[in-house]
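Just follow the structure's listing: the first ligand is 1, and inside any ligand the first atom is 1. Computed from a prediction, not measured in an experiment: that's the story for all the values here.
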Amino acid sequence: MKVLWCWRCKLDVPMLDEEEFARVAGLYRAAFSPRSPTEAPSGERRSIEARFRPVCEEYERLTGFHETNANAVMHHRLSQYGPPCAHCGKPLRTPEARHCAACGVTRQAPPAGGQELPPRRV
Ligand SMILES: [Zn+2]
Ligand SMILES: [Zn+2]
């Protein structure tokens with residue numbers, strides 16, 4: 001887990017690494033399942049909020065951050081974000097981003113020997 005700026009939420013939020021994300025993603029999928037363990041024993045349908053509550057609870061357990069929106073949890077995944085902008089320090093929106101959406105600066109050339117693809121002519 002690592003706290004990063006989320007451009008969707010406009011907040012610094014804890015982002016999950018792949019191992020942590022796999023746990024909440026499993027709970028998220030389970031919430032869609034007809035055999036969801038969150039289903040009330042009586043068989044009555046629980047509210048959407050109740051079905052997705054385990055996602056938020058697991059996220060809070062992992063990060064200590066109280067979140068009530070399972071959809072927000074699902075985009076707080078470290079691998080979805082790029083490296084920090086050299087100018088403003090906010091993470092790029094995607095690992096492939098060519099410029100920083102927060103301050104508009106063009107992404108710096110990666111250090112020699114990096115694994116970046118060569119620049120493409122448009
Ligand atoms: Zn977010
Ligand atoms: Zn920037």
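Here Arg53 pairs with Glu49 in a salt bridge; the nearest charged N to carboxylate O distance falls below 4.0 Å. Salt bridge Arg23/Glu20: absent, no basic N to carboxylate O contact under 4.0 Å.
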For residues 1-13, run the donor-acceptor check on the side chains, cut-off 3.5 Å, and write out each pair with its distance to 0.1 Å, sequence neighbours left out.
none

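The shortest non-hydrogen separation linking Asn69 to Asn71 is OD1-N, 2.9 Å. Of all the heavy atoms in Pro91 and Gly82, the pair that sits closest is CB-O, 3.7 Å. Thr63 approaches Leu16 most closely through the heavy-atom pair CG2-CD2, 3.7 Å.
From Met15, atom CE reaches atom NE2 of His75 across 6.5 Å, with rounding to the nearest 0.5 Å.
Of all protein N/O/S atoms, those lying under 2.8 Å from the Zn ion (ligand 1) come to 4. Taking 2.8 Å as the limit, the number of protein N, O or S atoms around the Zn ion (ligand 2) is 4.
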Which is it for Ser79 and Glu18 under the side chain to side chain contact (heavy atoms under 4.5 Å, CB included) test, yes or no, and what are the steps along the way? CA-CA 7 Å; Ser79 65; Glu18 288 305 282; 2.8 Å; yes

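Residue pairs that meet the ring pair (Phe, Tyr, Trp, His ring centres under 6.0 Å) test with at least one member in residues 9-29, sequence neighbours left out, are Tyr28-Phe32, Tyr28-Phe52.
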